[in-house]
Amino acid sequence: MRKFEHKDLLGMEQLSVEDIELILDTAESLKEISTRDIKKVPTLRGKSVINFFYEPSTRTRTSFEMAAKRLSADTVSLSASGSSMVKGETLVDTARNLQAMNPDLIVLRHSSSGAPHLLARELKAGIINAGDGINEHPTQALLDLYTIREKKGKIKGLKVAIIGDISHSRVARSNIIGLTRMGAEVTVSGPPTMIPVDIETLGVRVVHDPVEAVKKKDVIMLLRMQLERQSKALFPGLREYASFFGLSMDVMKGAKDDVIVMHPGPMNRGVEITSEVADGPYSVILDQVTNGVAVRMAILYLLIGGSKE
Amino acid sequence: MITWIKNGELVDPVKGAVEKVDLIIEKGRVAKILPHEAFNDKGVRINVIYASNKLIVPGLVDMHVHLREPGHEYKETIETGGKAAVAGGFTALACMPNTMPPNDCRSVTDFILEQARRARLARVYPIAAITMAQKGETLAEFGDLRLAGAVAVSDDGFPVVNSEVMRRALEYARFYGLTVISHSEDLNLSGAGVMHEGAVSTRIGLPGIPAASEEVTVYREISLARLTGCPVHIAHVSTAGSVELIRRAKEQGLPVTAETAPHYFSLDHNAVIGYDTRAKVNPPLRTLEDVQEIKKGLAEGVIDVIATDHAPHSPLEKDLEFDKAAFGMIGLETALPLTLKLVRDGVLGLAEAIRKLSYNAAFILGVPGGRLVEGDRADLALIDPEYEYVLREEDILSKSKNSPFIGKTLKGRNELTMVGGRIVWRRDA
């Protein structure tokens, strides 16, 4: 039996190829539960999971909540605005208080890179990184890998283009690590102001022109223009971005015939993606969301399911 | 009472020599320097300090510390910072003005000096603010500050953005004999950055501060030194590009001096991995290539001074998310062993290393100290250069413990510190 030897899931950085395969295989076996009439199994009965979302989120938060509930874990949801953090309590103090209630897992979404790493050092409970600043969003990358494997039957050897603000995207960073580790070839694309320095050291190619970047690709992954994270100097405006970097059917022409188009959501329709592409035959955007629940169920199960020792 | 420091080796940073001599200290000064076995005590009462296998060095002079008083006494006080200093071998400190209130007027300078007198540890030389409230707009009253005892002015912590203000500061400060110390940083380029912009920041997803943020401002200061003919001192040089700019300025004979801090030649940006806020400093830890160029700059004399930028912070500022944590690390108790490593690694000769930790800083500040010849004030330290130890948090005397060197093995330690002939610190046997 393969084992998942981690207390926390902080990033793709920590996962081996075997870990990733184990998560994807487990997700595959759990996916069916969500299609049942009674969508619940007793696997995590008596376990408690705190969803601590310091930043707004609909998709990820709902997905984690669904995943935990389908496995019968008790869940509590906290947001920064509803917590004592608005009263000035530090993250570490808030977390220590949560720890005192003895949860099994804390799912943390936070605007600071490394925040889950800080908690993982301090707390006994396992920590799942549900997105930290511009660092990582490992469960998104895992559900993306799952979706790619589901659609393409493999990951190794595939050619993937990631287009958008690579600098400020934790989705991009986690996917770059995950995809390259699984043997895919990754090209990143976007305006020069949105490509971080020395990105090549992560094993990717940089092609600024999106038309060039998508040529002969199996997968096109788009990133959301994150208006809340970008300084004004990065690009002149959405209009210019849309006309040069937005993914339209026209831009996609050079990609493989069976290319799939992915987006982590929430989409800015008409900016990074046209509606025609988002709702078109290549789009697997909603499959990503469906798979997200299964992948998160797998992670919860692998981290706290079964008895320790 | 006469003190006889016996059988030690004196490091003379001015002559560049290391000599086996005894020191006779009388009335707070170095009365005599003479070869081993040459002194005859003639039966008078005498205090003997045995210094076999120890180096006698001029008391170290740190031209860049944050003592946090007034205003942030929970991080450090002039007394606790003074204790850390004398334990680390320093006998004189120049403290930066970014206190609360900032040192932009005589009353704050007076207060700092009064607290230093009460502490009776290291000598303290206040550095005043360049502008009122460190806002970068109106020049502070340099004349009054000089009379009160300030020796330099600096924008450390709050860089002067306006180049015209900096120009006038250089011109005005020279008239009063105040050294101008520039914290060279372009705040717009630094933006929300929290570490060096490079492969590591890209990998661990932290916003970066490019090397250019420092370099464009170093160039501005050099340019202003050329325009005005006035001297400028560049604080905490951290990049290869800055070293190159300063090298060229010196070759052209411009009145530019520079310092770096031990962490810029001891650590690189990899120290941040794991989001260790103790390694969060400004300017940030740079690349290995930068570290090598800093060492080269030290060896070639491009960088004149090693100063600690001792920046105490409590867990309130450090036990946080990386981007929310304060910049800075303490340095008074680790500067000496980290610098001695440069000597062991062949980067600097021993006398040259000590000179960068003492005489050069005193010279740039225009204060006495940093040398030991007959007649000088007896400010000195006795060092055991071979002592190896693991730095433990509980051994740190500074009120704050924010050092990434905790748990690391260091070699070389101060054993005894004397200020004006008085022993202000001695390691328990």
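Below, chains carry the letters A, B, ... as their sequence lines are ordered, and counting in each starts from 1. Only this structure's heavy atoms are used, side chains among them; waters, hydrogens and symmetry mates stay out.
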For A:Glu122, which atoms come within 4.5 Å of any heavy atom of chain B: side chain, backbone, both, or neither? side chain
Between B:His313 and B:Lys318, is any side-chain donor less than 3.5 angstrom from a side-chain acceptor? no
Just by distance, with hydrogens left out, do A:Ser112 and B:Lys324 show a side-chain donor and acceptor under 3.5 Å apart? yes
Any side-chain to backbone donor/acceptor pair from A:Asn268 onto A:Met225? Under 3.5 Å, distance only. yes
Under 3.5 Å, is there a donor-acceptor pair between the B:Thr99 and B:Glu69 side chains? no
Listed by residue number, which members of residues 199-211 of chain B have a heavy atom under 4.5 Å from any heavy atom of chain A? B:Ala199, B:Thr202, B:Arg203, B:Ile204, B:Gly205, B:Leu206, B:Pro207
Let's go through B:Glu221 and B:Ser184 carefully: what are the C-alpha distance in whole Å and the side-chain angles of both, what is the deciding distance for side-chain contact (heavy atoms from CB on, under 4.5 Å) to 0.1 Å, and is it a yes or a no? CA-CA 8 Å; B:Glu221 312 307 34; B:Ser184 301; 3.9 Å; yes
Side chains of A:Leu91 and A:Tyr54: does their closest heavy-atom pair fall under 4.5 Å? no
For B:His183, what residues pass the ring-ring contact (aromatic ring centres under 6.0 Å, His included) criterion, not counting sequence neighbours? B:His236
Applying a criterion of heavy atom separation less than 4.5 Å, what residues of residues 260-287 of chain B form contacts with chain A? B:Gly274, B:Tyr275
Contact residues of residues 175-185 of chain A (partner chain B; heavy-atom separation under 4.5 angstrom): none
What residue, out of A:Leu202, A:Ile199, A:Thr201, A:Val197, has the most heavy-atom pairs lying under 4.5 Å from chain B? A:Val197
Classify the side-chain pair B:His66/B:Asn98 by whether it contains a donor and acceptor separated by less than 3.5 Å. yes
Just verifying a value: how many Å separate B:Glu185 CD and B:Ser213 OG, rounded to the nearest 0.5 Å? 4.5 Å
With a 4.5 Å heavy-atom cut-off, do B:Phe405 and B:Leu338 have their side chains touching? yes
Evaluate the salt bridge (charged side-chain N to carboxylate O under 4.0 Å, His left out) criterion for residues A:Arg170 and A:Glu55: first the C-alpha distance (whole Å), next the side-chain angles of each, then the deciding distance (0.1 Å), finally the verdict. CA-CA 14 Å; A:Arg170 53 196 177 205; A:Glu55 266 189 343; 3.1 Å; yes
The test is side-chain contact (heavy atoms from CB on, under 4.5 Å); show your working for B:Leu245 and B:Ile222 and say whether it passes. CA-CA 8 Å; B:Leu245 286 167; B:Ile222 290 170; 3.9 Å; yes
Ring-face cation contact, A:Phe64 with A:Arg296, 6.0 Å cut, 45° max: yes
Any donor-acceptor N/O pair, A:Glu136 side chain to A:Asp132 backbone, under 3.5 Å: no
Give, as side chain, backbone, both or neither, the part of A:Leu118 having an atom under 4.5 angstrom from any heavy atom of chain B. side chain
